[in-house]
Amino acid sequence: MTTVTNSELVSFANELADAARKVILPFWRQPIEVESKVEHDRPIAESPVTVADRKAEEAMRKLIEERYPSHGIYGEEFGQVRTDAEYVWVLDPIDGTKSFITGKPLFGTLIACLKDGAPIIGIIDQCVLKERWVGVVGQGTTLNGKPVTTSGCATLKESMMYATTPHMFHKGEESDKFEKMCDRVLRPLYGADCYAYAIVASGFGADIVVEADLGLYDYCALVPVVEGAGGKMTDWYGRRLTLENHERSKGRVVACANAGLHKEAIAILGETWRKSFTSSIITKDGLLYFVVGAILGAALSRPRT
């Protein structure tokens with residue numbers, strides 16, 4: 001078997017990003033048909049998909065099959081092949097399709113190369129702004145060829161925290177823990193998709209990203225970008241984000257500018273969750289019933305002696 005070097009893989013990953021750019025840009029801010037994918041077990045059941053998503057992934061998959069036919073592919077639009085291979089390419093042609101279809105240039109093409117299931121190379125490519133982050137394990141992260149590093153604050157109470165939307169968290173444990181994070185940070189912010197991780201990696205002022213309900217293709221490319229820049233990115237319990245761990249992690253991720261912030265965040269996100277009093281509210285036909293209300297009502301209904 002011919003050994004492939006990291007430099008070869010990085011060069012090829014850039015070729016994939018170039019190919020996706022060529023497909024996506026002609027559709028930018030043009031009339032485009034939008035289809036809906038519905039997954040009823042997710043907090044946000046509906047997600048959009050366009051011809052640009054599909055054609056961009058097709059272009060990247062074609063190049064992989066031609067250059068590295070033994071490598072695996074794990075794509076958002078066209079599924080998985082050979083995921084037990086030594087090298088697996090994880091593709092999200094347009095992360096942030098809602099941004100794309102509404103003309104907001106905060107979407108990105110995500111490309112990851114996994115070796116033995118762990119991300120070793122990651123690309124975040126914003127084709128409209130012509131910004132490309134490339135992260136390589138052990139080699140650092142660049143933005144358009146220039147090295148970048150994180151520069152986060154020291155504590156959660158000083159930090160700026162991003163999530164794509166507060167609606168991405170399942171009610172109960174996820175929403176309770178995210179609300180606690182919102183209470184601890186200086187400002188919670190929303191709406192940047194993968195771009196939030198890029199600005200954390202670049203030290204542009206964002207310190208933390210906390211998200212849930214992500215697919216493998218939503219986060220694999222982000223790990224080398226964030227960690228190559230000096231940050232730390234894991235699941236909510238501090239476990240590595242790998243192909244093998246995906247089901248355990250449940251798509252819950254946290255990316256921090258430094259290890260100190262990560263330690264504080266994990267103390268909240270990874271703590272044992274107990275259903276709070278407010279979580280025990282039962283909603284039916286628009287009425288709210290509280291356990292304490294039932295007790296009070298029973299007491300008031302007793303005949304006086």
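Given the structure is predicted, the values throughout are model-derived calculations rather than measurements.
Checked against the 6.0 Å centroid threshold, His246 and Tyr217 do not count as a close aromatic pair. For Trp89 and Phe12, the ring centers are positioned less than 6.0 Å apart.
Salt bridge status for Glu271 with Lys177: absent, with no side-chain N to carboxylate O gap under 4.0 Å. Ionic pairing of Arg82 and Glu65 is present here: one or more N-O contacts between side-chain nitrogen and carboxylate oxygen are shorter than 4.0 angstrom. Contact check on Arg239 versus Glu244 returns no salt bridge, with no Lys/Arg side-chain nitrogen under 4.0 Å from an Asp/Glu carboxylate oxygen.
Rounded to the nearest 0.5 angstrom, Ser202 OG and Ile124 CD1 are separated by 8.0 Å. Remark: Asp183 CG to Phe178 CZ distance equals 10.5 Å, nearest 0.5 Å. Atom CD of Gln80 and atom OG1 of Thr83 lie 5.5 Å apart (nearest 0.5 Å). Atom CG in Leu216 sits 11.0 Å away from atom CD in Glu76 (nearest 0.5 Å).
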**Study point:** Stepwise salt bridge (charged side-chain N to carboxylate O under 4.0 Å, His left out) test for Glu66 and Lys62
**Key:** CA-CA 6 Å; Glu66 291 173 350; Lys62 182 174 184 291; 2.6 Å; yes
Exercise for review: Verify side-chain contact (heavy atoms from CB on, under 4.5 Å) between Val134 and Thr141, making sure each step is shown before the conclusion.
Suggested key: CA-CA 5 Å; Val134 181; Thr141 296; over 6 Å; no
Review point. Step by step, would you call Tyr219 with Tyr197 a side-chain contact (heavy atoms from CB on, under 4.5 Å)?
Key: CA-CA 9 Å; Tyr219 63 75; Tyr197 298 83; 5.8 Å; no
Check your understanding: Going through the distances and angles, do Glu35 and Arg54 end up as a salt bridge (charged side-chain N to carboxylate O under 4.0 Å, His left out)?
Key -> CA-CA 11 Å; Glu35 300 177 23; Arg54 294 192 174 114; 3.2 Å; yes
Practice item. Kindly indicate, with the supporting measurements, whether the criterion side-chain contact (heavy atoms from CB on, under 4.5 Å) is fulfilled by Glu58 and Glu77. Key: CA-CA 9 Å; Glu58 284 176 338; Glu77 306 305 334; over 6 Å; no
Exercise for review: Evaluate the side-chain contact (heavy atoms from CB on, under 4.5 Å) criterion for residues Val49 and Thr97: first the C-alpha distance (whole Å), next the side-chain angles of each, then the deciding distance (0.1 Å), finally the verdict.
Suggested key: CA-CA 7 Å; Val49 62; Thr97 303; 5.7 Å; no
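The closest side-chain heavy-atom distance from Phe204 to Leu143 is below 4.5 Å. Annotation: side chain of Leu16 is in contact with side chain of Ile64 (closest heavy-atom distance under 4.5 Å). In this structure, Asn14 and Ile123 have side chains that are in contact, with non-hydrogen atoms separated by less than 4.5 Å. The closest side-chain heavy-atom distance from Val4 to Leu9 is below 4.5 Å. You'll find the side chain of Lys250 stays beyond 4.5 Å of the side chain of Trp236, heavy atoms only. Under the 4.5 Å side-chain criterion, counting only non-hydrogen atoms from C-beta, Asn6 is in contact with Ile120. No side-chain heavy atom of Arg252 sits less than 4.5 Å from a side-chain heavy atom of Leu269. The shortest distance between side-chain heavy atoms of Asp235 and Asn245 does not fall below 4.5 Å.
With hydrogens and angles disregarded, a donor-acceptor distance shorter than 3.5 Å links the side chain of Glu158 to the backbone of Thr155. With hydrogens and angles ignored, the 3.5 Å screen pairs a side-chain donor or acceptor of Asn258 with a backbone N or O of Cys153. Counting only distance, with no hydrogens or angles, the side chain of Asp218 and the backbone of Gly215 share a donor-acceptor pair below 3.5 Å. Between the Gln126 side chain and the Leu129 main chain, a donor and an acceptor come within less than 3.5 Å of each other. At distances below 3.5 Å, at least one donor-acceptor pair connects side-chain atoms of Glu264 with backbone N or O atoms of Leu156.
Arg132 pairs in a side-chain hydrogen bond (donor to acceptor under 3.5 Å, both in side chains) with only one of the listed residues (Thr142, Asn144, Thr109, Asp18), which is Asp18. Among Lys130, Arg21, Lys22, the one residue that satisfies the salt bridge (Lys or Arg N to Asp or Glu O under 4.0 Å) test with Asp125 is Arg21. When each of Arg240, Glu227, His262 is checked for a side-chain hydrogen bond (donor to acceptor under 3.5 Å, both in side chains) with Thr234, only His262 meets the rule.
With hydrophobic clusters built from ILVMFWY side chains whose heavy atoms lie under 4.5 angstrom apart, Phe100 does not share a cluster with Leu214. Under a hydrophobic-cluster definition in which Ile, Leu, Val, Met, Phe, Trp and Tyr are linked whenever side-chain heavy atoms come within less than 4.5 Å, directly or via other members, Val225 and Val10 are assigned to different clusters. Clustering ILVMFWY residues whenever any of their side-chain heavy atoms sit less than 4.5 angstrom apart, transitively, puts Ile199 in the very cluster that holds Leu110. Put simply, Val81 and Val90 are part of two different groups of oily side chains (I, L, V, M, F, W, Y) that touch within less than 4.5 Å, one to the next. Linking ILVMFWY residues whenever their side-chain heavy atoms come closer than 4.5 Å, directly or via other members, places Val200 and Val253 in the same cluster.
Contact detail for Cys127 and Ile24: the closest heavy-atom pair is SG-CG2, 3.9 Å. Across every non-hydrogen atom of Val254 and Cys256, the tightest pair is CG2-SG, 3.7 Å. The two atoms that bring Val51 and Phe27 nearest to each other are CG1-CE2, 3.4 Å, heavy atoms only. Counting all heavy atoms, side chain and backbone alike, Pro119 lies closest to Leu241 at CD-O, 3.3 Å. When every heavy atom of Cys182 is checked against every heavy atom of Pro188, the shortest pair comes out as SG-CB, 3.9 Å. Here the closest heavy-atom approach between residue Met60 and residue Ala20 is recorded as SD-CB, 4.1 Å.
Under the 3.5 Å distance criterion, with hydrogens and angles disregarded, no donor-acceptor pair is assigned to the side chains of Ser159 and Asp207. For the residue pair Glu8 and Ser11, no side-chain donor N or O sits within less than 3.5 Å of a side-chain acceptor on the partner. In the model, Thr50 has a side-chain atom that pairs as donor or acceptor with a side-chain atom of Asp53 under 3.5 Å.
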For residues 161-171, which side-chain donor-acceptor pairs fall under 3.5 Å, sequence neighbours excluded?
residue : atom : partner : partner atom : Å
Thr164  : OG1  : Glu211  : OE2          : 2.5
Thr165  : OG1  : His167  : N            : 3.1

Report all side-chain donor-acceptor pairs from residues 101-108 shorter than 3.5 Å, counting only partners two or more places apart or in another chain.
residue : atom : partner : partner atom : Å
Thr102  : OG1  : Lys98   : O            : 2.7
Thr102  : OG1  : Ser99   : O            : 3.2
Lys104  : NZ   : Gly191  : O            : 3.2

